[in-house]
Amino acid sequence: MSDNEIKSPSNFIKQKIKDDIEKNINEGRVHTRFPPEPNGYLHIGHAKSICLNFGVASEFNGLCNLRFDDTNPSREEEEYVNAIIEDVKWLGFDWGERKHYASDYFDRLYDYAVQLIKDGKAFVCDLTPDEMREHRGTLTEPGKESPYRDRTVEENLELFEKMKAGEFDDGSRTLRAKIDMSSGNINMRDPVIYRIQRATHHMTGDKWCIYPMYDFTHCISDSIESITHSLCTLEFEDHRPLYDWFLDELNVFHPQQIEFARLNLSYMVMSKRKLLMLVHDGDVKGWDDPRMPTISGLRRRGYTPVSIRNFCDRIGVAKAESTVDIAMLEFCIREDLNKHAPRVMAVLNPLKVVITNYPDDKADELDAINNPEDPNAGTRKVPFSKVLYIERDDFMEDPPKKFFRLAPGREVRLRYAYFVTCIDIVKDSNGEITEIHCTYDPETRGGNAPDGPACRTGRRKVKATIHWVSAEHAVEGEVRLYNHLFIKENPEAGGDDFKSNMNPDSLEVLPACYMEPSLKDVQPGSRYQFERLGYFCVDPDSTAEKPVFNRTVTLRDTWAKLQKKM
RNA sequence: AGGGGUGUAGCCAAGCGGUAAGGCACCUGAUUCUGGUUCAGGCAUUCGGGGGUUCAAAUCCUCCCACCCCUGCCA
């Protein structure tokens, strides 16, 4: 646990585990697993599950496995398993030697299916998908039994063997559990446990043409791995009777499934299906687009592992459906970066400033503090000269009452440099301000107000300190500003029409920003605070000629808040 | 003949019969060479609603209401 990691609070799952340990269930052993299907990239919702599973394991001196739930070869790809491995590692978790694949168990799963057949608990069914749907019944009416339900054990054994041998067409037959077609729980209405599907599997290649279904695979995989607590999301709650049924019928080690609510985030969609749509339709630039809630997107955006872990601890784990305010996530990254990100000065929307009383050819270097939150971060030199850039927002010709920054006749401090006073404005033919003229006070070098008899109250006060960059020394770089991907707090409210709620201004590219020269050779992934603006992370698109920065998050901005009220 | 869940502040969330933790957001004020940070304070007479049990109920009982999930050979 690093210095700024928060303590993980209690929740109903930890309490249950604590209870089980006290009762010496499983000899007090705790073993969990994180079981992603490799059919997409991991997102912040998975991070919640990862933190929970690995978190409780470590808290109770147990283990947590990584297991790929790869029972559907038509949707799963190696690219995804690699991305998942990278993301879980990056988040800071370690599964040791315990990286497994459900497909590792295909042989055993087959044997267990044979056992069910022998026990008269499963049968081969010839119903077509349509027929099966008709037989299933509805939510309020019971289903009808399959006409193939009473085949003999021998016949079932032979047919299942032939299914495996590839003697039947895809989809022509299934193996089904024999449970109860009149159950109120549709999952118990003779669920399919094997289907015929000729597809090359990312692990087993073309060895199989029949693949086990999730319900059958998951509980047995948990059992094989001696999982004690199988944590999953709420939608599997009514699969639990089936989970239990298989394990009981097979008479094998019986892990306990416990369900918790999945994470939703305001202004975001979280289903893999919808995220995949955004990627495929080109609405974002890829799974790792910094606007995506994917782990890889958040990483590229500049989020740190500890900030995500802290977030997961703060939101808690419960059974009530919830949508967490994205502001919570933003708080967590600010909290971490405030302590660790070096400060630098960069001007995003430049306004030229000429210091009229500063010598034309003079160049000075001033000391700037790298991180006021971290005395060990030291200082650096920042060049100063006659022509500078400041932020356009930091100057107003006709400022409102509460505007403290630069305005005609007003004095402000240039951070770590001098007090300057605006004496003139230059405009073009359209009336646009093209530059402003200021004078500087040499006595204020370093930004320190001189004490003096001239001011009886002590130091000369200035109401604002603004950032700046020396024009001559500036590094030019690109900055990408990100805003919410969706304009509605709940973009999914309209079902599949969620795309109509996309924010057209979720990405703003500023191709030519001016940055202090210390930003000349930055490494992708490095994070900085641009003073007074926000936290920024170097994008892999950066080149030696031109760094590219992603805005992770803005600083809290009480001035912006004030402006909105005005 | 439906089944399974969930309701505590704007958003999360503790609480487990003894009189509503904490965080985010928001609002004051102080400090500050970042309108940042930090610090101090404020923010639910009440727990979806009605009854009941009890000296005492968010916690127990009961009835009602609202919302979510389930009719893939997806996971």
Side-chain angles (χ1 to χ4, degrees), chain A residues 6 9-11 15 35-37 39 69-72 74-76 125 127-129 132-133 136-143 170-176 182-189 191-197 210-211 213-215 217-218 232-241 259 261 263 266 272-273 313-332 334-335 338-339 343 345 368-369 372-373 402-405 413-417 446-449 462-467 489 529-534 554-562:
Chain A
I6 67 169
S10 180
N11 59 54
Q15 277 189 25
E37 182 189 13
N39 68 341
D69 219 332
D70 54 353
T71 56
N72 187 354
S74 64
R75 316 215 298 197
E76 294 148 8
C125 183
L127 253 27
T128 65
M132 203 179 293
R133 192 174 312 119
R136 190 155 30 229
T138 69
L139 293 177
T140 51
E141 299 156 36
D170 283 14
S172 62
R173 283 182 165 85
T174 56
L175 182 71
R176 293 225 258 164
S182 68
S183 172
N185 182 344
I186 291 175
N187 297 121
M188 301 300 272
R189 317 238 262 231
V192 171
I193 59 186
Y194 264 92
R195 76 283 216 183
I196 304 172
Q197 187 183 119
I210 57 172
Y211 290 95
M213 300 289 289
Y214 165 84
D215 287 301
T217 308
H218 203 88
C232 63
T233 44
L234 252 30
E235 67 269 28
F236 293 102
E237 209 150 16
D238 32 64
H239 290 241
R240 183 162 16 110
E259 310 84 11
L263 170 65
S266 60
K272 267 197 211 173
R273 207 187 99 252
D313 284 334
R314 268 197 257 256
I315 59 175
V317 177
K319 295 195 71 161
E321 299 255 358
S322 63
T323 301
V324 175
D325 192 337
I326 192 124
M328 181 88 94
L329 222 206
E330 295 176 343
F331 168 83
C332 291
R334 285 192 189 107
E335 172 187 56
N338 174 51
K339 287 177 192 139
R343 319 273 124 138
M345 290 196 285
I369 294 166
E373 302 294 317
K402 302 221 166 144
F403 186 83
F404 303 153
R405 283 109 95 148
R413 170 169 37 232
L414 295 179
R415 175 141 239 222
Y416 300 125
N448 300 305
V462 99
K463 287 202 87 171
T465 298
I466 65 175
H467 61 279
E489 207 171 312
Q529 183 195 103
F530 289 0
E531 292 223 29
R532 304 207 306 128
L533 296 176
T554 61
L555 255 31
R556 265 188 72 218
D557 191 346
T558 43
W559 167 239
K561 223 176 278 173
L562 255 178

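Proteins come first, then strands; the chains are lettered A, B, ... in the order of their sequence lines, and each starts at number 1.
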Trainee: Quick check, does Y214(A) stack with A75(B)? I mean ring centres under 5.5 Å and planes off by under 30°.
Mentor: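 Taking the rule of under 5.5 Å and under 30°, the ring of Y214(A) does not stack on A75(B).
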Trainee: Determine the interatomic distance between P on G42(B) and the same-named atom on A14(B); round to the nearest Å.
Mentor: 24 Å
Trainee: Identify, with sequence neighbours excluded, every residue that meets salt bridge (Lys or Arg N to Asp or Glu O under 4.0 Å) alongside R133(A).
Mentor: D130(A)
Trainee: With a 3.5 angstrom cut-off on both distances, give the Watson-Crick or G-U wobble partner of G2(B), or none if there isn't one.
Mentor: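 WC or wobble partner is C70(B).
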Trainee: Does Q529(A) reach a base, just sugar-phosphate, or nothing at all? Heavy atoms under 4.0 Å.
Mentor: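 Base, at least one base atom sits under 4.0 Å.
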Trainee: How far, in whole Å, is G36(B) from A30(B) if one measures between their P atoms?
Mentor: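 Pairwise P distance, A30(B) against G36(B), rounds to 13 Å.
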Trainee: Under the rule for side chain to side chain donor-acceptor pair (under 3.5 Å), what residues qualify as partners of K319(A), not counting sequence neighbours?
Mentor: E237(A)
Trainee: The criterion is side chain to side chain donor-acceptor pair (under 3.5 Å); which residues satisfy it with S10(A), sequence neighbours excluded?
Mentor: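 In terms of side chain to side chain donor-acceptor pair (under 3.5 Å), with neighbours along the sequence ignored, S10(A) is linked to no residue.
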Trainee: Taking side chain to side chain contact (heavy atoms under 4.5 Å, CB included) as the test, write out the residues that go with V462(A), two or more places apart.
Mentor: E411(A), R413(A), F419(A)
Trainee: Distances for protein N/O vs nucleotides 2-4 of chain B N/O pairs under 3.5 angstrom?
Mentor:
| residue | atom | partner | partner atom | Å |
| --- | --- | --- | --- | --- |
| G2(B) | N9 | L139(A) | O | 3.0 |
| G2(B) | N2 | G184(A) | O | 3.2 |
| G2(B) | N3 | L139(A) | O | 2.9 |
| G3(B) | N2 | D238(A) | OD2 | 2.8 |

Trainee: Who pairs with R314(A) by salt bridge (Lys or Arg N to Asp or Glu O under 4.0 Å), at least two apart in sequence or on another chain?
Mentor: E335(A)
Trainee: Which base sits across from U38(B) as a Watson-Crick or G-U pair, both distances under 3.5 Å?
Mentor: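 Paired with A30(B).
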Trainee: In chain order, what residues pass the side chain to side chain contact (heavy atoms under 4.5 Å, CB included) check against L555(A), with sequence neighbours excluded?
Mentor: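 Testing L555(A) for side chain to side chain contact (heavy atoms under 4.5 Å, CB included), a comparison that skips the adjacent residues, returns Q529(A), Y535(A).
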Trainee: Shorter than 3.5 Å, N or O on both sides, protein versus nucleotides 22-26 of chain B: list them out with atom names.
Mentor:
| residue | atom | partner | partner atom | Å |
| --- | --- | --- | --- | --- |
| C26(B) | OP1 | K561(A) | NZ | 2.9 |

Trainee: Taking atom P in both C60(B) and G18(B), compute the distance separating them and give it to the nearest angstrom.
Mentor: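 Comparing P positions in C60(B) and G18(B) gives a spacing of 11 Å.
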Trainee: Any donor-acceptor pair, under 3.5 Å, between the side chain of E373(A) and the base of G36(B), if you only look at N and O atoms?
Mentor: yes
Trainee: Between protein and nucleic acid, restricted to nucleotides 46-49 of chain B and to nitrogen or oxygen atoms under 3.5 Å apart, what atom pairs and distances do you find?
Mentor:
none

Trainee: Using the P atom as the point on both nucleotides, what is the distance between U37(B) and C24(B), in whole Å?
Mentor: 11 Å
Trainee: Would you say R195(A)'s side chain and S172(A)'s backbone share a donor-acceptor pair under 3.5 angstrom?
Mentor: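 No.
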Trainee: State which of U34(B), A75(B), C12(B) makes the closest approach to the side chain of V324(A).
Mentor: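 Among the listed nucleotides, the one closest to the side chain of V324(A) is C12(B).
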Trainee: Taking atom P in both G48(B) and A13(B), what distance in whole Å separates the two?
Mentor: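 Comparing P positions in G48(B) and A13(B) gives a spacing of 14 Å.
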Trainee: Using the P atom in both, what is the distance from A21(B) to U53(B), to the nearest Å?
Mentor: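 That atom pair is separated by 29 Å.
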Trainee: May I ask which nucleotide in the shown strands pairs with G7(B), Watson-Crick or G-U wobble, both distances under 3.5 Å?
Mentor: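 Check on G7(B): paired to C65(B), both distances under 3.5 Å.
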Trainee: What residues form a side chain to side chain donor-acceptor pair (under 3.5 Å) with N72(A), not counting sequence neighbours?
Mentor: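 Listed in chain order: S74(A).
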Trainee: Residues in salt bridge (Lys or Arg N to Asp or Glu O under 4.0 Å) with E321(A), at least two apart?
Mentor: none
Trainee: Using atom P in both nucleotides, what's the gap between C16(B) and G22(B) to the nearest angstrom?
Mentor: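 Between the two P atoms, the distance is 15 Å.
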Trainee: Determine the interatomic distance between C1' on U46(B) and the same-named atom on A20(B); round to the nearest Å.
Mentor: 7 Å
Trainee: With sequence neighbours left out, what residues match D557(A) under salt bridge (Lys or Arg N to Asp or Glu O under 4.0 Å)?
Mentor: none
Trainee: Would you say the ring centers of W559(A) and F404(A) fall short of 6.0 Å from each other?
Mentor: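 No.
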